[in-house]
Each structure stands twice: as structure tokens, then as C-alpha cells.
Amino acid sequence: MKDKLTQHLAAALDRAMAEGALPQVEAPAITLERPRQAEHGELATNLALQLAKPCRMNPRAVAQIMVEQLGDAGGILQRAEIAGPGFINFHIQPSAWLAVLPLILAQGPDYGRATLGQGKKALVEFVSANPTGPLHVGHGRGAALGDVLARLLRFVGYEAHSEYYINDAGNQMATLGRSLLVRARQSRGSGEEFPENHYRGGYMQELAAQFLALPQHAGVLDMPLEQAVDLASAWAGAQILGGIKDDLNAFGVGIDTWFSERSLVEQGAVQAAFDELTQRGLLYQAEGALWFKATAFGDEKDRVVKRGNGELTYFASDIAYHLDKFRRGYARLVDIWGADHHGYVPRLKAAMAGLDLAPDDLSVVLVQMVNLLRGGVPVAMSTRAGEFVTLKEVVDEVGADSARFIFLTRRSEAQLDFDLEVAKQKSMDNPVFYVQYAHTRVKSVLKKAAEAGVDLPDPQSADLTPLALAEEIALARLLGDYPEMVLGAAVNLEPHRVTYYLHELAGAFHSYYNAHHILFEDPPLTAARLVLAMAVGAVLKGGLALLGVSAPEAM
RNA sequence: GCGCCCGUAGCUCAGUGGAUAGAGCGCCGGACUACGAAUCCGUAGGCCGCAAGUUCGAAUCUUGCCGGGCGCACCA
């Protein structure tokens, strides 16, 4: 609708200038907006206000000329009015809004698809937690966000993949191995204290017991320490990573590629990146370490890539990692990080600039923490003591649908309160049920229609003119907004727009449903209303699918 | 001290430079002898942190203050 009217406006402007009604000026971008006030029509433009200055004319006079040139815009306009300082308010023919209903039902799950990405490859990297312990609730939020962003990007025309970067090369893996060995020795009565800054979570004791029970580990406690640590860290890392995969799977999050940091280092990718930076004169030795000249690209200080003890920093492999992503053909990168890493963004962007990559091709989405509550009371969590509620526990308790939806009800950079009791409730307090219930109601009506012997109408040929209520036109308009909303969510990397939209659509349908009957009206009206209900159901289902949330037939 | 994010209804938060700023929760009062009351309807509640600036027009953009969070490693 917007597109059609925009085209008519552009044509009208051209004619006005060609005929001399308006002076020849550069045409501003035409924008259409939805006025808040119903009496201001369904769409409005500020075009005349923008033209007034270059034309040196009164904006209302410009608006008058535009309205005359526009006519009825190919039949979609009921009327156009000039209002306030020079807005043009458009009242659209109701039937023009209804035209979206058969379109939705013809396209089904593809309604709203776009070609924005033009098939370009996009990579969404998320969670990427060290395999040193199970995922917790905060990881779940990042996982939901990343998974849905990948789905959104795919929906608007990118060839999007999801990736998990396994930080298996740093010294935290050795710490993991040592932690496991301490627990193993303790279980044999060593009586030693558990060291500071090691992984003391309860899961480590269970792992240690499993570790010792395996025949190939029989002599591990008598091995040279270094060898034992290697063995223990490799084994524990693999076990924990397996658990992470299981947990993400149960959460409905599919990861296309699991990318190992260690493999990157072993393949010499870090050295290759260093070579490129060296050629550009962007690496230098100082104070015993190797530095990247990040200040040359806007970072506030230069950054160490190789420490004085010869070890690489995390930053070093991250440079190589992101270079590798582009080398694999990805044109658009999305990284999802905890908000506490925000200071790291300029550094990585600087590195990309140093490698002649466009920093704007990388978007970093920062995700804030989750405050876990139970019945309004904060659930105590301490990562240091290894006491935290895992993602698995939350998913087991409230279900993946509920957890995913609630994780996406806030902008990522805002903190999120997650109440376990609310997430379990089957009432309007719980937004996911509110939306799913609306879908169920549509299905229920269709089922009832079948039972009552009412034939489902063919959306393509049904007469929709009986849909004359303001609520019905409003619902059709809302359904027509879906493609634009999806596009906005994808472009801005903001999946919460989808949850908000679905909540609004569900609410509009619930209201309509309570005020009017779909069935048992006269046959033409029932048929038209069934088409409307089917379209609402289709969009609810499609939107929920984008979120990876089920759209149940019955609840 | 420097940097990033955030200040919108009692609470949690939406809000693409547009007209009289919205939703959910909470409070109070209502609605099923026809399609699911897991729902709906109504009332109340606001110097959009403060102040300048840009603009025909600012919750939105710029600057400065105030308040909160998070960073500022040869950790990840």
C-alpha cells in the first residue's frame, strides 16, 4: 500500500513540475507515515512541508497542487485532505486494505519474505562460551537472539548461517583440566584445598567421577602433571561441549558450524593474519610484547597480540577468526556478545580496518544480563561459586517456547527480568501464551466451522466487501504491516519487534473475537470473516516460526 | 579521569524527525443461554532526567550537566 501510494506521489510531483504548477526543484525522498489520530486518515505525508522551502511557496499551497495532481491514485484513495501546516492525509479505500488477505493466504509462510540480502552470505556468531561449564540463563538469551537473527536474515534474503566459536585454545582450558584433576584427587582422599580461580561448580565433581571411571584414565593420577592436565582438559572440554550442544538443541537452537579456536591457531591462521598486518606496518615490538597499532583506526590505545611470555592473546585469534569469516565468503557478520565486552568492539573494528575490511560489515549486538526471578523474588546466582541456574534447568521448567519468546521481549541492550513463575503461567501475564492462544482460537473457529458444516471459503475468490467494520479494516492494515516490520527487525537486528508485533496482532484479534462472531452470521459475512481469521492465523504462525516458537492448534 | 549503554505512567518496557507519547503488569469497576472467559471492555495515572541548540516540527539529532549500569589487562 505504501509503495503504491509512494509511486503515485512521485508521478504526481513530476507532472506538477512538468506542467509548471511547481518550480523545478530536487525531489525529496517521499515518506509515508501512519498518523496516530484516526481522523487523520490511514497514511500521511510531509512532502509539501519538505517542498515548501525549495519552492518558496506556502506548504499548504504546495499540498493543494499535489492533491489535485494525485486524483484518486488509481482508485486506492477515498480522499486526500490537507491538514495542519501542510500534511496531506490519505483516506484509503477500505477494499484496498483488504486486498492483502488473499495475498497472505496465497503466500502462506512466505508472506513477508524479502530480497534485501540478495543472496549474500551472512554469519551470525553467538554464545561462543568457553567449554568450561554448562550454559546459564544469560547464554540462553544470547542463543535465542542469535538464532532468531539468523532466521530473520534468511527470511529477508541472506544466505545466513549460525556459528559457535569454541574458545578452546586459551589458558582457561588448562585451568579446566587442573580443576578436574583436583576434584579427582580429592575423591581419592587427597584432602587438598580447592585452588582459587578454578572451576568449582558441582558439575566438576560429577565429571571427575566419570573421568576416573573410564579404563583409559586408570593411571592418570600418576602421570606427569602436564600430561595429565592435557588429558583432563581435552576430555572435560569435549564432555562439556557435548552438554552445550545438547542444551542448545533442546532449546531449539541449531548451530550450523562449530568453529574451534585451537584449529585456527594450529592451521597458522593467526600467523597469516600477523603477516598481513606486518606488511602494512601495523605490528610492532615493545616492552617485550607484540602490539597492534589500533590507535591508527580509532581505538583508544594499541593492543597486545602476543604477550611477553610468547602466548597469543584472545584478541590475536579473534583477528584471525574474523578475517577467516570474510575469507569464507561472508559479506555480513553479526557477533552477539555480552554487554560487558562492549569495550572490545573498537579494537576488533580497528583490526578489520587494518586488514582492509569494512568495519561496517561487522555488527556487534550487545546483550545485557538476565535477572532471574521466581515469583518476583530474585534467584541468587554466583558464577564465582559456580552456583547458577543453567539454561537446561530453565528450559526443562518453563519450556523452550516460553523461554525463547520472553528472552526476545526486550531490546537486547536492556536488562531483562525473567520470572520463572510467569514463564510457566498460562495466562495473559505470559506473552507467549497470549499469542499462542490467539492462534489456537483461529484454529478452533475453523474447526468449529467444519463441525457446523460451514465450508471454508476460497480466499482468492471470496467476496470481502462484507468486511466493513473499523476493527476489520484495522486488522487487515495490521496484517499488511507485517512485511515492513520484519524487514525493520532484520535490518536493525532487533527481534523484539517481532514479539511486540505479534502481541499487538494477537490483542487486536482477541478484541475482535470477543466483540463479534465469525460463524453463524449470514453466509457472505461468515465467509469474509473466515478469510480474515485465516489470514490472522497465517501471520501469527509465520511470525512465531521466525521466533522458533510453536503455533499450537490446541492448548 | 576517559569511553560505551541507559534515564519515557506506581512497576517492567515499546516508540523509523511529525499532529493529542503507547502497551503489559498493578489498582478500581464491569462482560459468557452462539465460534475456547487461558479472553475482553472501561476508569485513573506523564514538565519523555535537566538545559541550551539544529529544524516548519524533537522522546527521537547535536552539545553540556545530573543520575544509574558496564568497561578501561601482556584475562576471556
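Order of the sequence lines sets the chain letters (A, B, ...), proteins ahead of strands, with each chain counted from 1.
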From [options], pick the nucleotide closest to the side chain of [X]?
| X | options | value |
| --- | --- | --- |
| A/R410 | B/G24, B/C13, B/U16 | B/C13 |
| A/H517 | B/G15, B/C6, B/C35 | B/C35 |
| A/E300 | B/C74, B/G3, B/C35 | B/G3 |
| A/Q415 | B/C5, B/C40, B/G69 | B/G69 |
| A/H510 | B/C74, B/A76, B/U39 | B/U39 |
| A/E494 | B/G15, B/C74, B/A76 | B/G15 |

By ring-ring contact (aromatic ring centres under 6.0 Å, His included) - contacts of [X] (at least two apart):
| X | answer |
| --- | --- |
| A/H510 | A/Y434, A/Y437 |
| A/F405 | none |
| A/F274 | none |
| A/H439 | none |

Pick base, sugar-phosphate or nothing for [X], based on heavy-atom distances below 4.0 Å to the nucleic acid.
| X | value |
| --- | --- |
| A/E521 | nothing |
| A/A414 | sugar-phosphate |
| A/N89 | base |
| A/G308 | base |
| A/R303 | nothing |
| A/H496 | sugar-phosphate |
| A/A449 | nothing |

Does one side chain, of A/T132 or A/Q172, offer a donor that lies under 3.5 Å from an acceptor on the other? no
Check whether the side chains of A/Q436 and A/D401 place a donor and an acceptor atom closer than 3.5 Å, and report yes or no.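 Note: A/Q436 and A/D401 side chains meet the donor-acceptor criterion.
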Residue set satisfying salt bridge (charged side-chain N to carboxylate O under 4.0 Å, His left out) with A/E553, at least two apart, ordered chain then number -> none
Just jot down the salt bridge (charged side-chain N to carboxylate O under 4.0 Å, His left out) partners of A/R374, sequence neighbours excluded, or say none. A/E397, A/E421
P spacing across the pair B/U60 / B/C48, given as an integer number of angstrom: 10 Å
Identified side chain to side chain contact (heavy atoms under 4.5 Å, CB included) counterpart of A/H516 within the set A/E521, A/E472, A/R529: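 So the option named by the test is A/R529.
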Exactly one of A/I518, A/V442, A/L479, A/L469 should register a side chain to side chain contact (heavy atoms under 4.5 Å, CB included) with A/L532. Which one does? A/L479
Under 3.5 Å, is there an N or O donor on one side and an acceptor on the other linking the side chain of A/H503 and the base of B/G24?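 No such pair is found, so the answer is no.
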Determine whether a donor-acceptor pair (one donor, one acceptor, N or O, separation below 3.5 Å) exists between the side chain of A/D340 and the base of B/G71. no
Mind running a 4.0 Å heavy-atom check of residues 435-448 of chain A against RNA chain B and sending the residues that fall below it, in number order? A/Y437, A/T440, A/R441, A/S444, A/V445, A/K448
Aro-ring/base stack A/Y513-B/C35, d under 5.5 Å, angle under 30°: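 Given the distance and angle limits, yes, they stack.
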When A/N171 and A/T409 are each assigned the nearest nucleotide of RNA chain B, the 5'-most assignment goes to A/T409
Are A/R411 and B/G15 close enough that a side-chain N or O sits under 4.0 Å from OP1 or OP2? yes
Could you list all the salt bridge (charged side-chain N to carboxylate O under 4.0 Å, His left out) pairs where at least one residue sits in residues 285-301 of chain A, not counting sequence neighbours? A/D299-A/R303
Provide the full list of salt bridge (charged side-chain N to carboxylate O under 4.0 Å, His left out) pairs with a residue in residues 334-348 of chain A, sequence neighbours left out, each pair given once.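 Every salt bridge (charged side-chain N to carboxylate O under 4.0 Å, His left out) pair that includes a residue of residues 334-348 of chain A, provided the two are not neighbours, is A/K325-A/D335.
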Output row for RNA chain B, stems defined as at least 3 consecutive Watson-Crick or G-U pairs under 3.5 Å, is B:1-7 with B:66-72, B:10-13 with B:22-25, B:28-31 with B:39-42, B:49-53 with B:61-65
Starting at the 5' end of nucleotides 27-33 of chain B, put B wherever the base has a protein heavy atom under 4.0 Å, S where only the sugar-phosphate does, and a dash everywhere else. -------
Restricting to side-chain hydrogen bond (donor to acceptor under 3.5 Å, both in side chains), what partner residues turn up for A/E311, sequence neighbours left out?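 With neighbours one apart ignored, the set is A/R307.
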